[in-house]
Protein chains: 2
Amino acid sequence: MDDVAHAAGVSRGTVSRALNGGRNVSGAAQAAIDKAVRQTGYVVNPHARSLATQRAMSVAFVLSEPQDRLFEDPNFHLLLHGCTQALADNDVTVLLTLAGTSEERKRVSRFVTAGHADGVLLVSTHRGDPIVDELLAQDVPVVVCGRPLGHERDVSYVAADDRDGARQMVTYLRSQGYRRIGVVTGPPDTPGGVDRLAGYRDVLGDVPESLVVSGDYTQASGEAALHRLLAQASDVDAVFVASDLMAAGALAALRRTGRRVPEDVAVAGFDDSRIAAACHPPLTTIRQPWARISTEMARLLLRLVEGDENAAVILPTELVIRESA
Amino acid sequence: MDDVAHAAGVSRGTVSRALNGGRNVSGAAQAAIDKAVRQTGYVVNPHARSLATQRAMSVAFVLSEPQDRLFEDPNFHLLLHGCTQALADNDVTVLLTLAGTSEERKRVSRFVTAGHADGVLLVSTHRGDPIVDELLAQDVPVVVCGRPLGHERDVSYVAADDRDGARQMVTYLRSQGYRRIGVVTGPPDTPGGVDRLAGYRDVLGDVPESLVVSGDYTQASGEAALHRLLAQASDVDAVFVASDLMAAGALAALRRTGRRVPEDVAVAGFDDSRIAAACHPPLTTIRQPWARISTEMARLLLRLVEGDENAAVILPTELVIRESA
DNA sequence: CTGAAAGCGCTTACAG
DNA sequence: CTGAAAGCGCTTACAG
């Protein structure tokens, strides 16, 4: 930086100002400095800057899932890239971190509290995940992706309106004339598990328990769930499945039992993930606004780091009609 | 740190020494400092430390794959976790970074050259990936996972002995009495694509071109490749497939054409990835030593950062016999 | 608009 | 074995 100041014929202070937005810098000085930077190939030392500003200029994107299951989810990539992009615009780097084991969680906590990151973008789907409490206890700015069950009041989050999405879908199924509509829910300790079932009930009211089965978001669980459903309620004419991956399993189960989709049983998914359009038949589903979710998460986290209060953002979902229902 | 020094009744210099290995620190001082650290809840500021030591104490784990395909590969997780673990033992943090687009590559380069990371662990499978040159041009310490085609002499790497693995497998197939052994190769611009084919040829010599087909490591490509192979050489009695995922596709193709495995056609894979044992029938395959690969990558990178010369490490593979061949 | 100076929190020869 | 001091490379009131 001294070299740059020398080459530009100004002081280091002026160079620093020019580099940081250029407030209170004359056009001539700015130009000379820009040129000097180019000539010397200067690049700021982030550690020195962080030491002076008390800001790491980076945030941790923490994936708190024991099985790394989300890694295989195309939606996860959308989210990660979206956040990276949105934060890059503010010159903050996203550091991806896996925190599946309690040891890894410790490492993440230390990492952030030591000052390596200014905040955390957290993907954690299960109620009672200890990392939420750990981070909160340390006063780390954090924004969660999806409704953080049990922590709605004390942590910021961005979520799609799962409940309304489910409502839209079930309402649509009814409008198509389906009358015995079953549901395959997600795990009851995840927001997608409870909210999508709630939306289904909002529309259908008290349904017989035989119409409700649940899975764990995997394709295999969707297939198994559908076999159970058919055994309990052989006359279902439609089924709302709480994720596209499970819906793919459901399609397989129906095919195996010789039922046509949608003629014999209609199938509706949730997510509009990459596989939705590739299914046979292509899935009618609910699109989650991943791009907006990621930009909102980034925005919220930046605000929190600046000292703003917590906030929750709920984003609308959209019905996507294809051929399965 | 001043607080700690105060509480322990020593100088900051002594505290620093105690924190960094305790050389030249008396037992009494060490004890007092340990206690003070605990009482005050002190944790070092990594930026200040890095500024003073000129070391980031972190390395970037860069995934240079346009499609993020490796994310879905269970082997990738083994590798990532292995490196993280090995480096954590040396107090260095692993920063996972995606560099699929040229814009993201730029970001990674800047990130590292700015001093955020001391080096990079690079997963890049395709010949001619520009990131290798970019990193090398900046004199960044880097160790590549797998043989870096065209860069064997100027960059460090750790790889499984693909060629020998292929040799072992084909030799085994011969010993089982198979005589018309086809091969499904990987893409010719990847080390797995060229080396596994080379190993196959080492054992079989000049084979008719009709016995050689290729895929792109996806399951669908393996299925398609096998259909081509059967069309060209309907009398094959065994096929060596260059990855387990493609082998799964091959099994599907054989099933579809009514051939039994291994009675009609034997199938051998490569990788021993998670799906190998789950296939029907379970795959005979070649195990890659992922745990050792990751520890060797970590070790090599640490050495490079210390100023050591480049080095290549080739690790042996192991034949795993199951039921498909 | 600009420069001199203090400060961010650590490490590490150096002298003792 | 220990302390005083310089230095790592930046930012930012402050005075002009």
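Order of the sequence lines sets the chain letters (A, B, ...), proteins ahead of strands, with each chain counted from 1. Basis for what follows: all heavy atoms, side chains included, without hydrogens, waters or symmetry-related copies.
- If you check dG3(C), dT11(D), dC10(D) against the side chain of Asn20(A), the one that comes closest is dT11(D).
- Arg303(B) and Glu306(B) are not joined by a salt bridge, as no carboxylate oxygen comes within less than 4.0 angstrom of a charged side-chain nitrogen.
- Every side chain to side chain contact (heavy atoms under 4.5 Å, CB included) that Pro130(A) has, sequence neighbours left out, goes to Arg105(A), Glu134(A).
- At least one side-chain heavy atom of Thr190(B) sits under 4.5 Å from a side-chain heavy atom of His126(B).
- Phosphate proximity of dT11(D) to Gln54(A): absent, as no side-chain N or O sits under 4.0 Å from OP1 or OP2.
- Look at Thr14(B) and you'll find a side-chain N or O under 4.0 angstrom from OP1 or OP2 of dG3(D).
- Here Ser294(B) pairs with Leu79(B), Cys83(B) under the side chain to side chain contact (heavy atoms under 4.5 Å, CB included) rule; sequence neighbours left out.
- Residues satisfying the side chain to side chain contact (heavy atoms under 4.5 Å, CB included) test with Thr53(A), not counting sequence neighbours, are Arg49(A), Arg55(A).
- Listed by residue number, Asn24(B), Val25(B), Ser26(B), Ala29(B) are the residues of residues 23-33 of chain B with a heavy-atom contact under 4.0 Å to DNA chain D.
- Distance from the side chain of Arg17(A) is smallest to dT2(C) among dG9(C), dT2(C), dC10(C).
- For the ring pair (Phe, Tyr, Trp, His ring centres under 6.0 Å) test, residues two or more places apart in sequence or in another chain that qualify with Phe111(B) are His116(B).
- In this structure Asp34(B) satisfies the side chain to side chain donor-acceptor pair (under 3.5 Å) test with no other residue, sequence neighbours excluded.
- Nucleotides of DNA chain D nearest to Val10(B) and Leu51(B) differ in position, and the one nearer the 5' end is that of Val10(B).
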Provide a list of protein-nucleic acid N or O atom pairs under 3.5 angstrom, restricted to nucleotides 5-7 of chain C.
none

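- Partners of Asp133(A) by side chain to side chain contact (heavy atoms under 4.5 Å, CB included), not counting sequence neighbours, listed by chain and number: His151(A).
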Please, what dot-bracket string fits DNA chain C when only Watson-Crick and G-U pairs with both distances under 3.5 Å count, crossing ones use [ ] and pairs to another strand use |? |||.||||||||.|||

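- When each of dT12(C), dC10(D), dG9(C) is scored by its nearest atom to the side-chain atoms of Ser16(B), the top-ranked nucleotide is dT12(C).
- Residues passing the ring pair (Phe, Tyr, Trp, His ring centres under 6.0 Å) test with Phe61(B), sequence neighbours excluded: Phe76(B).
- Listed by first then second residue, pairs satisfying salt bridge (charged side-chain N to carboxylate O under 4.0 Å, His left out) with a partner in residues 137-157 of chain A read Arg147(A)-Glu152(A), Arg147(A)-Asp195(A), not counting sequence neighbours.
- The salt bridge (charged side-chain N to carboxylate O under 4.0 Å, His left out) check on Arg107(A) picks up nothing, with sequence neighbours excluded.
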